[in-house]
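Labels below follow one simple rule: chain letters A, B, ... track the order of the sequence lines, proteins then strands, and each chain is numbered from 1.
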There are 2 protein chains.
Amino acid sequence: MSTATVTKIQRPSKEQRIDTIVESARKVFCSSGFEKGAIEFIAKEAGIAEGTIYRYFDSKHGLLDEVLSRHYSALFDNIHQTLPSIKGPCNRLRYMIHRTLITISEDRSMCGLRTLYARQSEDKRPSLSHDQNRRMAVLMANEVKAGIKEGTFRPDTSPSIVCYMIGGALELTEHSFMRTGKTIDVDKVTDSIWRTIHSGISSSDATTKSLTSLVERFEQAADRLDPA
Amino acid sequence: MSTATVTKIQRPSKEQRIDTIVESARKVFCSSGFEKGAIEFIAKEAGIAEGTIYRYFDSKHGLLDEVLSRHYSALFDNIHQTLPSIKGPCNRLRYMIHRTLITISEDRSMCGLRTLYARQSEDKRPSLSHDQNRRMAVLMANEVKAGIKEGTFRPDTSPSIVCYMIGGALELTEHSFMRTGKTIDVDKVTDSIWRTIHSGISSSDATTKSLTSLVERFEQAADRLDPA
DNA sequence: TCAAATAATGAGCTAGCCTCATTAGTTGAG
DNA sequence: CTCAACTAATGAGGCTAGCTCATTATTTGA
């Protein structure tokens with residue numbers, strides 16, 4: 001038979017195929033959401049049959065996991081690489097907050113997916129995205145612990161609670177970003193989160209004022225001493 | 001016809017029926033999760049037909065909303081009632097944190113539902129539970145604003161970020177509680193969250209020490225002055 | 001070159017949300 | 001009390017969408 005009549009379809013490599021599927025899934029999930037993003041559409045987007053997807057992924061949830069995992073592994077790799085070059089728990093924590101916010105602000109369509117399903121745990125399968133959240137939390141907790149050890153942070157600080165607070169603030173910022181569509185002022189939000197965690201919200205005005213006057217009084221007293 | 005042969009089934013009032021349905025839904029959702037908690041089982045639990053549920057609720061999601069709404073309205077009512085009797089933004093914020101943690105710790109089975117679906121926003125329907133979250137956030141933000149106004153809190157504090165941090169910390173505590181099953185030490189966690197928000201995590205040791213020595217030096221100077 | 005292995009297909013199975021024609025119970029006027 | 005109009009409940013069945021599997025297509029390596 002001639003090559004003109006029979007066109008053998010060249011099969012892409014396993015990796016290419018998976019990439020195509022994941023990318024199609026990302027597109028569909030982002031534009032339609034997880035529940036409404038049907039496998040049928042993902043298959044159409046990828047130009048393959050529905051069944052093919054199930055050769056590479058156990059379930060729709062598994063596919064979502066891979067989509068999220070790929071998206072956030074970039075963030076995670078970056079942090080993992082950069083962290084050693086930053087000195088001091090404060091700077092490192094601040095960097096993690098900043099970098100996460102950049103990732104969030106870069107791809108709004110992704111946010112809805114993660115905020116909704118990062119905590120997917122109805123079936124006990126420990127999802128990849130959840131695992132990544134945990135790894136990030138561990139990184140942060142380590143910095144808090146280091147800060148406590150070296151005396152930078154109060155010894156009665158609970159590392160896990162601090163992580164919860166940072167993580168929660170990031171998630172809710174993400175969520176608000178997704179809902180309102182208002183762009184995130186990354187530097188400003190980083191400052192806000194970090195300042196609140198680091199210094200708290202209690203005004204130091206009263207203390208500062210009383211201390212200032214105290215110092216003044218003592219300095220006057222010292223002045224009176226010195227000439228003598 | 002005799003009353004012995006025909007047993008007319010007495011119909012419960014509309015309210016009773018809804019109560020039964022919501023309670024059955026709560027049980028099923030709590031034990032099986034939302035996705036796996038089929039309407040079929042809820043109907044069976046309530047001793048009615050599936051179709052009856054749809055007389056009172058538009059959809060499964062609507063039913064979930066009502067379940068969550070009922071569960072958390074108790075918390076919300078309590079806070080709404082108690083708040084006016086508490087003086088000062090600090091005490092009020094602290095109370096809200098504390099009261100929320102109590103509610104969380106009281107019903108563990110409920111937590112999974114809320115953490116997963118409180119942010120349900122794929123269909124644009126503004127869910128009741130989401131609305132409640134918003135109302136709580138507004139209450140908290142008001143206290144932060146009041147605190148800034150009266151000078152208790154730093155003027156450069158972002159009320160929304162503070163709310164995100166508190167809300168996030170509560171949610172992640174809830175989530176961790178649900179996953180690990182470890183009981184929450186409500187007072188301890190309240191302290192931890194509140195202390196971090198209020199005073200931050202930066203150790204005041206260095207400042208305190210230098211100030212203490214300063215005061216000492218000046219006091220010695222003053223002592224030397226006084227006798228003279 | 002051709003069998004064995006691997007990949008892809010898509011019709012169809014199944015589960016589960018939801019609908020609707022039918023049946024059951026309630027109410028109020030005569 | 002009776003019956004018609006109305007409201008509530010039923011459950012078989014529609015329909016969608018995730019997933020399976022027998023069949024077909026392509027690749028591989030002996």
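For A:Phe41 and B:Lys14, each mapped to the nucleotide of DNA chain D holding its nearest heavy atom, the one lying further toward the 5' end belongs to B:Lys14.
Taking atom CD on A:Gln10 and atom P on D:dA25, their separation rounds to 17 Å, with Å as the unit. Across the protein-nucleic acid pair, A:Gln16 atom CD and D:dT26 atom P stand 17 Å apart, rounded to whole Å. Across the protein-nucleic acid pair, B:Ile18 atom CD1 and D:dA9 atom P stand 10 Å apart, rounded to whole Å. In this structure, NE2 of A:His61 is placed 15 Å from P of D:dA17, rounded to the nearest angstrom. One interatomic measurement links the two molecules: CG of A:Leu63 to P of D:dA17, which rounds to 16 Å at whole-angstrom precision. B:Ile21 has its CD1 atom 11 Å from the C1' atom of D:dA8, to the nearest Å. To the nearest angstrom, P of C:dG16 lies 15 Å from NZ of A:Lys60. Summarising the geometry, the separation between CD1 on B:Ile39 and C1' on D:dG11 is reported as 15 Å, rounded to the nearest angstrom.
For the OP1/OP2 pair of D:dA9 and a distance below 4.0 Å, the side-chain nitrogens and oxygens of B:Tyr56 include at least one atom meeting the criterion. Close to D:dC19, at under 4.0 Å from its OP1 or OP2, lies a side-chain N or O of A:Tyr54.
Screening residues 71-82 of chain A for salt bridge (Lys or Arg N to Asp or Glu O under 4.0 Å) gives no qualifying pairs among residues at least two apart or on separate chains.
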If you restrict it to nitrogen or oxygen atoms, what contacts under 3.5 Å exist between nucleotides 9-15 of chain C and the protein, and what is each distance?
from  : atom 1 : to      : atom 2 : distance (Å)
C:dT9 : OP2    : A:Ala49 : N      : 2.9
C:dT9 : OP2    : A:Thr52 : OG1    : 2.5

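We find the CG-CH2 distance between A:Leu93 and A:Trp194 to be 4.5 Å, quoted to the nearest 0.5 Å. Summarising the geometry, atom CZ belonging to A:Arg94 is positioned 10.5 Å from atom CD1 belonging to A:Ile86; distances are rounded to the nearest 0.5 Å.
With B:Arg135 contributing its side chain and B:Phe76 its backbone, the two residues share no donor-acceptor pair below 3.5 Å. Panel note: side chain A:Thr196, backbone A:Ser192; a donor-acceptor pair is recorded below 3.5 Å.
If you check distances only, the side chain of A:Arg11 never reaches the base of C:dA8 with a donor-acceptor pair under 3.5 Å.
The side-chain contact (heavy atoms from CB on, under 4.5 Å) test with A:Met136 is passed by exactly one of A:Ile79, A:Ile166, A:Leu170: A:Ile79.
With sequence neighbours excluded, the residues that form a salt bridge (charged side-chain N to carboxylate O under 4.0 Å, His left out) with B:Glu45 are B:Lys27.
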